[in-house]
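When reading the values below, keep in mind they use all heavy atoms of this one structure, side chains included, and skip hydrogens, waters and symmetry mates. Keep in mind the model is a prediction, meaning the values are calculated, not measured. By convention in this document, chain letters (A, B, ...) are assigned in the order of the sequence lines, proteins followed by strands, and residues within each chain are numbered from 1.
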There are 2 protein chains.
Amino acid sequence: MNAQFKKGVLELIVLKSVVNKDMYGYELVEEVSKVVDVNEGTIYPLLKRLTNDHHFETYLKESTEGPPRKYYHITASGILYEENLEEEWVEFASKVSGFLKEKKK
Amino acid sequence: MNAQFKKGVLELIVLKSVVNKDMYGYELVEEVSKVVDVNEGTIYPLLKRLTNDHHFETYLKESTEGPPRKYYHITASGILYEENLEEEWVEFASKVSGFLKEKKK
DNA sequence: TTTAGTACTTGACAATGCAAGGTAGTATGT
DNA sequence: ACATACTACCTTGCATTGTCAAGTACTAAA
């Protein structure tokens, strides 16, 4: 997969995932991987960024299957940010698709 | 506009433009700007990259409206590359859209 | 001759993804 | 007890690519 296409979109996919329900990092890596190839070294720094920007809050929870999990919960600011980003993506994607189709004629 | 969405897509838009007809840099800046905001400092290095990678060939042509124009002509390799990239983009965009819709439920 | 428009180039910078490595806890098999 | 594997988290250094800002140079119109 083209690595460059992902730029910015990963953030949107992570936000959109966490909107639905609180999730922990490792779980997000697997969730996001269903849509685009991604590895841990990408997701963890991204989660830290979004938390620093107050789009996420975190809490720890014990697990019976390994070390404690750090859950990410979306904030009000995160919800707004996600809605905005999604709108921008839809508009962007449709512009690009429109251009490609136009040139195809 | 989200700067990150553009990564990789600009290359596709530039390639797709030049597939149709030979174009010069300044003309491409204006053409591409119809789809996504972009500035000269982005396009010229991109054209140089694509030329170095043998996806474009160039030639100079005099102009009555300023300095000579450097025209870009797509090569066979460039055509293949463009087709590939376009295919990847379509697949990528549809995956992302699909994910967003699925989460919306 | 000054200004505006066309045209190209470059260098320092920022954002973001990747590869590779490290730390730990739990569970399973020997 | 020990090794292995899976879960879970985190960090560092790097590459790629877009942005900003500045500079060069030619033509034409005021």
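At a threshold of 4.5 Å between non-hydrogen side-chain atoms, the residues Lys7(B) and Phe5(A) do not count as touching. The closest side-chain heavy-atom distance from Lys70(A) to Tyr24(A) is not below 4.5 Å.
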With salt bridge (Lys or Arg N to Asp or Glu O under 4.0 Å) as the test, would you mind laying out the steps for Glu83(A) and Lys16(A) before giving the verdict? CA-CA 9 Å; Glu83(A) 286 170 352; Lys16(A) 188 79 179 180; over 6 Å; no
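Here the C1' atom of nucleotide dT7(D) and the CD atom of Glu31(A) are 17 Å apart, to the nearest Å. Following rounding to the nearest Å, Asn52(B) (CG) and dT17(D) (P) show an atom-to-atom distance of 12 Å. A straight line from CD of Glu27(A) to P of dT7(D) spans 13 Å, rounded to a whole angstrom. Atom P of nucleotide dT17(D) and atom CG of Leu50(B) are separated by 9 Å, given to the nearest angstrom.
Side-chain heavy atoms closer than 4.5 Å link hydrophobic residues (I, L, V, M, F, W, Y) into clusters, and following such links, possibly through other members, connects Val36(A) to Val90(B).
For the contact set between residues 55-75 of chain A and DNA chain D, defined by any heavy atom under 4.0 Å, the members are Ser63(A), Glu65(A), Pro67(A), Pro68(A), Arg69(A), Lys70(A), Tyr72(A). Contacts between residues 40-49 of chain B and DNA chain C, counted as heavy-atom distances below 4.0 Å, involve Glu40(B), Gly41(B), Tyr44(B), Pro45(B), Lys48(B).
To the nearest 0.5 Å, the span separating NZ on Lys21(B) from OH on Tyr72(B) amounts to 15.5 Å. Summarising the geometry, atom OG1 belonging to Thr42(B) is positioned 10.5 Å from atom CG belonging to Leu47(B); distances are rounded to the nearest 0.5 Å. Considering NZ of Lys6(B) and CD1 of Ile13(B), their distance stands at 10.0 Å, rounded to 0.5 Å.
Counting non-hydrogen atoms under 4.0 angstrom, Lys6(B) reaches the backbone sugars and phosphates but no base.
For Tyr26(A), no side-chain nitrogen or oxygen approaches OP1 or OP2 of dC9(D) to under 4.0 Å. For the pair Asn39(B) and dG18(D), the criterion of a side-chain N or O lying under 4.0 Å from OP1 or OP2 is not met.
Of the residues Asp22(A), Thr75(A), Leu50(A), the one that meets the side chain to side chain contact (heavy atoms under 4.5 Å, CB included) test with Phe56(A) is Leu50(A).
Under the 30°/60° scheme for interplanar angles, the aromatic rings of Trp89(A) and Phe92(B) are found to stand perpendicular. By the 30° and 60° cut-offs, the orientation of the rings of Tyr81(A) relative to His55(A) is parallel.
The minimum heavy-atom distance linking Ile74(B) with Val18(B) is given by the pair N-CG1, 3.9 Å.
Contact footprint of chain A on DNA chain C: nucleotides with an atom under 4.0 Å from a non-hydrogen protein atom, first to last in 5' to 3' order, dT16(C) to dA27(C).
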